[in-house]
Amino acid sequence: MNNILKSVRAKRKVLIVEDERINREILGNILMKEYDVVFAENGRRAIELLRDDADSFSLILLDLMMPVMSGDEVLRICKSDDKLSHIPVIVMTQEEDAEVPSIRAGADDFIKKPYNMPEVILARCERIIELYEKKELIDSAETDPLTGLYTRDFFFEYIRRLKKYNDVRMDAIVMDIEHFHLINEIYGRNEGDRILKKIASLITTELGNGYGIACRCSADTFYIYYSQTSDEIMFVERILNGMASTSFESAKIRLRIGINKNIDGNDPPEQWFDHAKLACDGLRGDYTRQLAYYDSTAHDRQLYHERLIRDIDSSIANGDFIVFYQPKYAVDGDRPVLRSAEALVRWKHPELGMISPGDFIPLFESNGLVQKLDHFVWEEAAAQIAKWKKKFGAAIPVSVNVSRIDIFDPELEDRLIGLLNKNGLSTNELLLEITESAYSDSAVRLIEVVNNLRKKGFRIEMDDFGSGYSSLNMLTTIPIDVLKMDMKFVRNMLRDQKSLKMCELVMDISRFLDVPVVAEGVEEKAQLDVLKSMGCQIIQGYFFSKPLPAEQFEELIQKEAELFAKNF
Ligand code: C2E
Ligand code: MG
Ligand code: MG
């Protein structure tokens with residue numbers, strides 16, 4: 001590195017500040033061979049020369065005792081002036097007592113008067129210049145030239161060091177500018193730079209009030225490591241106000257800010273900021289908020305969901321989704337009779353274990369992936385019905401769940417009819433469950449689709465009835481064949497009058513519509529008895545059986561067939 005430094009500027013310029021002419025000449029002679037030497041006979045002149053061309057000087061040799069302005073004063077001015085403080089100062093002194101106060105004032109080294117060891121003086125000058133130039137080079141990699149904030153690498157390096165010596169609790173804050181690339185494109189880079197500098201200067205001012213460090217991590221992203229003892233809300237507000245009160249060409253600058261308050265000292269600092277960045281990125285396009293906190297449970301949930309989304313295809317291909325069957329019993333005769341079943345999907349994830357539909361169905365409904373899964377379940381169920389039909393002579397009807405998104409699929413009807421044809425089934429054998437909320441969300445389209453399906457002979461069960469806020473008016477025009485009472489009324493019917501009343505209401509509506517009711521979620525004999533007394537004819541619930549794998553469900557069919565044979 002020394003050679004590189006030397007080659008940058010062949011001869012360094014050195015300022016000798018000394019009031020005694022003889023001393024100036026001796027020193028000048030010593031240094032002249034190696035350096036461009038400039039002289040000042042007092043402090044004031046020295047400051048003039050330095051301010052004139054601060055960047056050209058590599059070193060100041062400073063006498064302390066001088067008229068007009070003392071060396072101490074020169075030192076003080078140099079070290080408190082941003083433009084001069086980078087020039088190293090060697091103090092020339094006769095008294096050793098002067099050394100300590102000079103060091104405190106910022107002197108870098110000493111040369112003893114009288115000047116009778118020229119080699120030592122040259123060596124000291126050379127070493128100090130070298131040290132400073134190296135430091136400057138390091139400083140330039142430490143800070144971002146545009147904003148003066150740290151660069152990303154140095155920022156994290158400093159955090160690692162701070163972490164070692166400091167047990168103050170800190171926050172990780174990430175700040176970025178919405179649509180910054182557009183600002184650059186529309187208003188030009190200079191305007192973009194102005195905005196970045198303004199943000200950096202507001203951050204720097206704030207860090208002066210609290211405790212922390214900051215970097216510009218990438219074009220428009222700032223990372224701030226900020227003490228928790230300082231108020232982060234005030235911090236953010238002052239920056240937002242500072243931006244709001246500055247006029248920019250691009251009138252509206254919108255900052256997004258993500259804060260991670262629960263940083264774990266065992267995790268790498270980069271991760272603290274990744275998490276704050278996640279919170280920050282979550283605000284993209286959200287014009288109601290500018291600040292979000294990182295929440296680890298929300299993040300875990302998000303990761304879990306991402307995992308499920310990633311794995312759905314391979315799991316369908318590998319047979320990790322399994323269709324279970326839950327029986328529905330007719331209870332209007334002397335004994336319960338197995339009438340039909342509902343196909344319910346289960347996910348036997350190779351690494352996460354058994355996952356309940358409650359965890360993945362709503363997720364896949366929200367992103368449309370449920371359609372793939374439904375198609376798989378319908379295929380499986382149809383093939384299974386055909387198998388049982390062949391084995392037992394008569395089919396046991398199975399209902400499958402049809403999601404909202406399926407309704408909007410123009411190929412729905414063809415697909416279902418294709419399935420029936422492929423497996424030799426009739427529309428009485430593959431039943432369709434559609435949740436009530438789908439009806440209230442998109443009534444017109446849904447009624448049209450359902451009408452068409454019914455014209456083809458399909459039978460439609462309205463699932464979760466009572467939860468979807470269908471209007472009574474709509475109910476009278478709605479095309480359905482069965483009502484499935486929402487499970488929560490059954491769950492609470494023995495404890496809570498309101499739920500009991502709801503069950504009665506559903507029964508009344510079913511009579512009005514002239515369709516049977518399936519009560520789901522029946523777990524106890526007492527529930528069954530009350531429902532029966534209300535006129536409910538079909539029961540699905542743990543009281544009879546949980547959803548079962550096909551082989552176990554087959555045992556129920558077998559038993560039913562034997563009972564049937566015995567009774568006739
Ligand atoms: P759902 O269609 O209303 O299905 C009934 C749910 O009630 C099933 O939950 C069933 O196991 C549960 N259940 C039945 N009897 C009882 C009981 O006595 N007590 C209790 N506590 N629960 C009972 P499951 O299998 O967890 O499914 C939950 C929901 O996930 C289903 O509600 C349905 O909306 C959805 N789902 C399941 N499989 C599929 C599918 O293949 N496609 C679609 N689109 N949705 C499905
Ligand atoms: Mg259902
Ligand atoms: Mg249901």
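Order of appearance sets the numbers: ligands from 1, and atoms from 1 within every ligand.
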S.K.: Would you call Arg310 and Glu351 a salt bridge, taking side-chain N to carboxylate O under 4.0 Å as the test?
M.R.: no
S.K.: At a 4.0 Å threshold, what atoms of ligand 1 neighbour a non-hydrogen atom of Gly541?
M.R.: 15 (N), 18 (O)
S.K.: With a 4.0 Å heavy-atom cut-off (strictly under), which part of Val377 contacts ligand 1: side chain, backbone, both or neither?
M.R.: side chain
S.K.: Calculate the angle formed at the Mg ion (ligand 2) by OD2 in Asp463 and OE1 in Glu433; 10° precision is enough.
M.R.: 90°
S.K.: Could you tell me if any non-hydrogen atom of Arg346 lies under 4.0 Å from any atom of ligand 1?
M.R.: yes
S.K.: Hey, is Lys546 touching ligand 1 through its side chain, its backbone, both or neither, going by heavy atoms under 4.0 Å?
M.R.: neither
S.K.: Check each heavy atom of Glu365 against ligand 1 and say whether those closer than 4.0 Å belong to the side chain, the backbone, both or neither.
M.R.: neither
S.K.: When you check the gap from the basic side-chain N to the acidic O, do Asp508 and Arg511 get nearer than 4.0 Å?
M.R.: yes
S.K.: Please determine whether a side-chain nitrogen of the Lys or Arg among Lys559 and Glu562 lies less than 4.0 Å from a carboxylate oxygen of the Asp or Glu.
M.R.: no
S.K.: Between Lys391 and Glu554 (salt bridge meaning N to carboxylate O under 4.0 Å), is one present in this structure?
M.R.: yes
S.K.: Please list, in number order, the atoms of ligand 1 under 4.0 Å from a heavy atom of Val522.
M.R.: 18 (O)
S.K.: From Thr435, does some N, O or S atom reach closer than 2.8 Å to the Mg ion (ligand 2)?
M.R.: no
S.K.: Begin with the C-alpha distance, continue with both residues' side-chain angles, and end with the deciding distance and a verdict on ring-ring contact (aromatic ring centres under 6.0 Å, His included) for Tyr225 and Tyr158.
M.R.: CA-CA 10 Å; Tyr225 185 54; Tyr158 272 116; over 10 Å; no
S.K.: Protein heavy atom under 4.0 angstrom of atom 21 (N) of ligand 1, is there one?
M.R.: yes
S.K.: For the side chain of Ser314 and the backbone of Asp311, is there at least one donor-acceptor N/O pair under 3.5 Å apart?
M.R.: yes
S.K.: Just distances here: any N/O of Asp464 and N/O of ligand 1 closer than 3.5 Å?
M.R.: yes
S.K.: Taking the N/O/S atoms of Glu520 one by one, which is nearest to the Mg ion (ligand 3)?
M.R.: OE1
S.K.: Tyr287 ring centre to Arg254 NZ or CZ under 6.0 Å, with the angle to the axis within 45°?
M.R.: yes
S.K.: Report the part of Lys484 (side chain from C-beta onward, or backbone N, CA, C, O) that has a heavy atom under 4.0 Å from ligand 1; answer both or neither where that applies.
M.R.: neither
S.K.: I'd like to check atom 25 (O) of ligand 1 in this structure: does the protein have a heavy atom lying under 4.0 Å from it?
M.R.: yes
S.K.: Kindly give the heavy-atom pair with the smallest separation between Leu283 and Gln290, and that separation in Å.
M.R.: CD1-O, 3.3 Å
S.K.: Which bit of Val323 gets closer than 4.0 Å to ligand 1, counting heavy atoms only: side chain, backbone, both or neither?
M.R.: neither
S.K.: Can you tell me if Asp409 and Gln371 form a side-chain donor-acceptor pair at under 3.5 Å?
M.R.: yes
S.K.: Would you please determine whether Ser356 falls within less than 4.0 Å of ligand 1 on a heavy-atom basis?
M.R.: no
S.K.: Where is the nearest protein heavy atom to atom 1 (P) of ligand 1: which residue, which atom, and how far?
M.R.: Asp463 OD2, 3.7 Å
S.K.: Considering all heavy atoms of both residues, which atom of Pro327 and which atom of Leu338 are nearest to each other, and what is their separation?
M.R.: CB-CD1, 3.4 Å
S.K.: Does Gly358 have a heavy atom less than 4.0 Å from any atom of ligand 1?
M.R.: no
S.K.: Test salt bridge (charged side-chain N to carboxylate O under 4.0 Å, His left out) on Asp496 and Lys498; report intermediate values, then the result.
M.R.: CA-CA 6 Å; Asp496 158 32; Lys498 236 168 142 185; over 6 Å; no
S.K.: At a non-hydrogen distance cut-off of under 4.0 Å, which region of Asp374 contacts ligand 1 (side chain, backbone, both, or neither)?
M.R.: side chain
S.K.: With no hydrogens and no angle check, just 3.5 Å: does a side-chain donor-acceptor pair link Ser399 and Lys328?
M.R.: yes
S.K.: Where on Gln326 is there a heavy atom closer than 4.0 Å to ligand 1, on the side chain, on the backbone, on both, or on neither?
M.R.: side chain
S.K.: Going by a strict under-4.0 Å cutoff (protein heavy atoms only), does atom 9 (O) of ligand 1 have a neighbour on the protein?
M.R.: no
S.K.: Measure from atom 35 (C) of ligand 1 to every heavy atom in Val400, Ile361, Ile405 and give the option owning the shortest one.
M.R.: Ile361
S.K.: Give the single entry among Met487, His375, Glu520 that approaches atom 12 (C) of ligand 1 most closely by any heavy atom.
M.R.: Met487
S.K.: Relative to atom 4 (O) of ligand 1, which among Val402, Val345, Leu344, Asp486 owns the nearest non-hydrogen atom?
M.R.: Leu344
S.K.: How is the N/O/S atom of Glu342 that comes nearest to the Mg ion (ligand 2) named?
M.R.: OE2
S.K.: Give the atom name of whichever N/O/S atom in Asp464 sits closest to the Mg ion (ligand 3).
M.R.: OD1
